[in-house]
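Below you'll find the structure, written out as structure tokens, and then a few comments.
Every chain is numbered from 1 and lettered A, B, ... according to where its sequence line falls, protein lines coming before strand lines.
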Amino acid sequence: MKDAITTVLQQALARCQENGSLPADLEARIQVDHARDKQHGDFATNLALTLAKAARLKPRELAELIVANLPDSAVIEKVEIAGPGFINFYINSETQASVIGSILNQQEKFGLTEIGAGKKIQIEFVSANPTGPLHVGHGRGAAYGAAVANLLKAIGYEVHCEYYVNDAGRQMNILAASVWLRYLELCGEDFPFPVNGYKGDYVLDIAAALHRENGDKMFHSWAEISCNLPKDEPEGDKERYIDAVIEKMKALLHPDQYSLVFDVGLNYILDDIRDDLEHFGVVYDQWFSERSLTDSGDVTLALERLQKSGHCYEKDGAIWFRSSEFGDEKDRVLVRDNGQSTYFSSDIAYHMNKLERGYDRVIDIWGADHHGYVPRVKAALQALGDDPEKLDVLLVQFAVLYRNGKKIPMSTRSGQFVTLRHLRKEIGSDAARFFYVMRKCEQHMDFDLDLAMSQSNENPMYYIQYAHARVCSVFSQLADKGFEFDQGHGLAHVDLLTETHENDLITRLTRYPEVIGKAGQQYEPHQLVHYLRDLANAFHTYYNAHHFIVDDKKIRDARLCLITAARHVIANGLKLLGVSAPEKM
RNA sequence: GCGCCUGUAGCUCAGUUGGAUAGAGUACCUGGCUACGAACCAGGCGGUCGGGCGUUCGAAUCGCUCCAGGCGCGCCA
């Protein structure tokens with residue numbers, strides 16, 4: 001509809017230029033908005049205001065000129081000039097009401113568009129280290145990423161969702177060591193657990209599984225392990241201590257045994273994460289292993305390309321990438337003096353790999369604490385000769401949990417956190433998914449557990465779901481009262497829907513495809529949340545103002561068509577957010 | 001110290017890329033169920049848009065500056 005108005009405005013300008021009333025070199029960027037106020041019609045344009053200076057006319061005079069040259073249109077009821085020079089358009093009611101037929105025909109397909117047709121997007125989100133279960137902070141990234149992916153699919157993009165598995169590196173070694181030490185405890189050893197080890201209960205579970213399968217085969221006495229170890233905190237350095245424990249573990253265990261412990265831990269946690277996300281309604285097309293980048297040679301290849309193009313140098317025994325040449329604060333290490341490549345190297349290889357797979361756009365969703373990382377990744381892409389503009393990094397601020405009005409401290413390492421699984425079980429997947437995407441991603445979020453767990457109607461999700469359930473309820477009442485719904489008959493009489501509340505609801509419905517388009521292109525699912533609330537509000541208001549099951553068959557069927565259309569749109573929108581649309585509550 | 005994010009009603013948040021009188025929810029107050037679900041509806045109260053200066057027909061939105069809060073500044077991942 002917006003496009004239709006843009007088109008007639010273009011035609012009007014062209015006419016003015018042809019007949020000489022406007023300069024021929026005038027260039028216009030036509031902007032058509034929804035009128036904020038019903039008094040201002042359905043759509044409005046500020047064209048006359050933006051163009052006044054270039055046209056050397058007063059805004060209102062220019063507006064009159066444009067309106068006088070507007071071509072006839074079947075959809076426009078009337079046009080008005082208002083305020084300082086806004087042009088307001090009123091759409092005729094038949095055109096508006098035709099959306100009901102469209103919705104009833106397309107049903108779950110209504111709202112889908114082809115904006116991104118033929119384009120491929122890769123989107124990576126969550127990607128938490130597999131060193132423990134997901135916590136509520138990851139939940140926000142999961143809910144947000146999945147909603148963005150759904151929106152992008154809805155507007156025609158081919159979307160590929162990925163979870164990057166950090167299955168290499170120091171953190172994983174610390175996990176392996178933690179598992180092994182717990183295993184030794186099960187073998188009967190008694191010793192102080194490292195300050196820097198993973199202390200969560202899940203580590204005990206993994207160790208127990210390991211012990212069940214392997215008995216005491218990997219046992220070594222604490223006396224053997226602890227000789228020549230540096231001091232742990234508080235007397236010593238906890239980082240150096242845990243590294244020494246890992247080294248000792250590698251020295252004492254056969255390499256196969258070490259990787260067994262490592263893999264048991266990794267797979268246990270990955271299975272857990274996968275299961276958790278699946279119950280959260282989040283599914284991936286691919287779980288991309290960091291180790292596979294080393295195995296495939298991609299890491300080496302990326303390093304070579306950076307070196308050959310002259311963006312690297314050696315200093316203090318390490319290989320550095322001159323990222324400061326591309327806007328980063330300082331240069332970064334690619335290969336450490338001990339010969340190990342850094343996490344950054346893998347990440348460069350991963351992003352190179354993504355772009356080489358031919359995506360038009362690559363989206364990363366990271367926790368906001370990683371924001372300092374963005375410039376160096378873009379720098380690397382630029383140095384590799386790729387287009388850094390193809391990468392969008394969306395930063396999700398952390399959700400801070402509150403209980404009894406108090407902030408809950410969280411740390412993965414200490415094992416002190418509220419897990420996503422716990423949240424899901426307390427308040428349900430629907431409420432959690434909805435709550436997470438209610439706010440803009442860059443907005444800090446206070447997640448009040450008491451409120452969320454209270455299942456009160458303060459959660460607007462219930463308001464929206466209730467609208468859906470109410471429509472369903474009307475139809476069960478209809479049957480109880482011995483009426484039948486004739487959709488074709490109703491559609492033939494939608495011109496009878498002339499009540500203000502009906503027009504408001506219809507207008508709201510017509511905007512749905514546009515909302516999806518905008519929310520998708522801007523990666524902002526919260527726009528859909530707000531739309532759905534407004535839509536539900538229009539429905540509830542209508543519900544309270546008029547009865548649907550009336551004796552007049554024409555009006556009854558027409559109204560039933562309208563509320564069915566509303567039900568479809570609510571269900572479609574909630575589905576994109578990963579929230580169910582129950583028929584009863 | 002430098003960089004990024006945030007600051008809008010008592011509280012939680014929107015604000016259509018610079019437009020018309022800044023909006024919702026919640027809290028509080030007043031009304032509405034013997035016809036489709038009151039998890040609802042109607043009305044009221046509530047604002048120096050963190051402060052200041054600037055850009056212009058026009059600023060919550062853009063620029064500069066200050067204030068407050070969060071996060072980040074490793075040969076960790």
* To do: Please work out which residues in residues 50-65 of chain A have a non-hydrogen atom less than 4.0 Å from an atom of RNA chain B and list them by number.
  => T50(A), K53(A)
Taking only side-chain N and O atoms of [X], does any of them lie within less than 4.0 angstrom of OP1 or OP2 on [N]?
X: Y373(A); N: C73(B); result: no
X: Y466(A); N: A39(B); result: yes
X: K330(A); N: C75(B); result: yes
X: Q397(A); N: U6(B); result: no
X: Q465(A); N: A39(B); result: no
X: N537(A); N: G25(B); result: no
X: R36(A); N: A20(B); result: yes
X: R336(A); N: C76(B); result: yes

Pair of N/O donor and acceptor under 3.5 Å linking [N] base with [X] side chain:
X: H370(A); N: G72(B); answer: no
X: Q527(A); N: U16(B); answer: no
X: D167(A); N: A77(B); answer: no
X: H540(A); N: C41(B); answer: no

Not counting sequence neighbours, which residues clear salt bridge (charged side-chain N to carboxylate O under 4.0 Å, His left out) with [X]? List them please.
X: K250(A); answer: none
X: D534(A); answer: R508(A)
X: E64(A); answer: none
X: R332(A); answer: D328(A)

Using atom names, set out every protein N or O paired with an N or O of nucleotides 7-12 of chain B below 3.5 Å, distance rounded to 0.1 Å.
{"residue": "U12(B)", "atom": "O2'", "partner": "R439(A)", "partner atom": "NH2", "Å": "2.0"}

May I ask you to decide if the ring planes of [X] and [Y] are parallel, tilted or perpendicular, using 30° and 60° as cut-offs?
X: H311(A); Y: F321(A); value: perpendicular
X: F548(A); Y: Y543(A); value: perpendicular
X: H493(A); Y: H489(A); value: tilted

* To do: Work out which heavy atom in V437(A) is nearest to a heavy atom in V529(A); give both atom names and the distance.
  => O-CG2, 3.8 Å
* Structure fact -> Looking only at heavy atoms, the pair that brings P130(A) and L266(A) closest together is CG-CD1, 3.5 Å
Give the nucleotide from the list [options] with an atom nearest to the side chain of [X].
X: H530(A); options: A14(B), U16(B), C57(B); value: A14(B)
X: T541(A); options: C41(B), G15(B), C75(B); value: C41(B)
X: K518(A); options: C57(B), G72(B), U16(B); value: U16(B)
X: A318(A); options: C75(B), A77(B), G72(B); value: C75(B)
X: Q171(A); options: G19(B), G25(B), C76(B); value: C76(B)
X: F548(A); options: C36(B), C41(B), G19(B); value: C36(B)
X: T342(A); options: G19(B), C40(B), A77(B); value: A77(B)
X: Q477(A); options: C36(B), U17(B), G25(B); value: C36(B)
X: N129(A); options: A77(B), C73(B), A24(B); value: A77(B)
X: Q31(A); options: A39(B), U16(B), U17(B); value: U17(B)

* Asked: Closer to the 5' end of RNA chain B via nearest nucleotide, is it H546(A) or H34(A)?
  ->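 Nearer the 5' end of the strand: H34(A).
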* Structure fact -> Per nearest nucleotide of RNA chain B, the residue lying toward the 5' end, A368(A) or V333(A), is A368(A)
* To do: Would you mind classifying the nucleic acid contact of D328(A) as base, sugar-phosphate or nothing, using non-hydrogen atoms under 4.0 angstrom?
  =>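 Counting heavy atoms under 4.0 Å across all strands, no contact is made by D328(A).
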* Hey, does A35(A) reach any base, or is it just sugar-phosphate, or nothing, if we go heavy atoms under 4.0 Å? -> nothing
* **A20(B) base stacked by H40(A) (centroids within less than 5.5 Å, tilt under 30°)** => yes
* So, do Y463(A) and A39(B) meet the stacking rule of ring centres under 5.5 Å and planes under 30°? ->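 Here Y463(A) fails the 5.5 Å or the 30° condition.
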* Listed partners of S289(A) passing side-chain contact (heavy atoms from CB on, under 4.5 Å), at least two apart ->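 Scan of S289(A) (side-chain contact (heavy atoms from CB on, under 4.5 Å), adjacent residues dropped) gives D167(A), R291(A), S292(A).
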Taking the [atom1] atom of each, how far is [N] from [M], in whole Å?
N: G37(B); M: A60(B); atom1: P; result: 46 Å
N: C29(B); M: A38(B); atom1: P; result: 23 Å
N: C76(B); M: C64(B); atom1: C1'; result: 38 Å
N: C49(B); M: C62(B); atom1: P; result: 16 Å

Could you let me know what [N] is paired to, Watson-Crick or G-U wobble, both distances under 3.5 Å, or none if it's on its own?
N: G1(B); answer: C73(B)
N: A24(B); answer: U12(B)
N: A59(B); answer: none
N: G43(B); answer: C29(B)
N: G37(B); answer: none

* With sequence neighbours excluded, give me every side chain to side chain donor-acceptor pair (under 3.5 Å) pair touching residues 544-555 of chain A. =>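 Pairs touching residues 544-555 of chain A that pass the test: K553(A)-D557(A).
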* To do: Verify the distance criterion only: is there a donor paired with an acceptor across the side chains of D331(A) and Y313(A) at less than 3.5 Å?
  =>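 Checked: D331(A)/Y313(A) side chains pair up, N/O donor to acceptor below 3.5 Å.
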* Enumerate the residue pairs fulfilling salt bridge (charged side-chain N to carboxylate O under 4.0 Å, His left out) with a member in residues 464-485 of chain A, sequence neighbours excluded, ordered by first and then second residue. =>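 For residues 464-485 of chain A: none.
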* For U17(B), measure the glycosidic angle (O4'-C1'-N9-C4 for a purine, O4'-C1'-N1-C2 for a pyrimidine) and name it syn if it falls within 90° of 0, otherwise anti. => syn
* Quick one: classify the glycosidic conformation of C33(B) as syn or anti, with syn meaning within 90° of 0. =>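 That one's syn.
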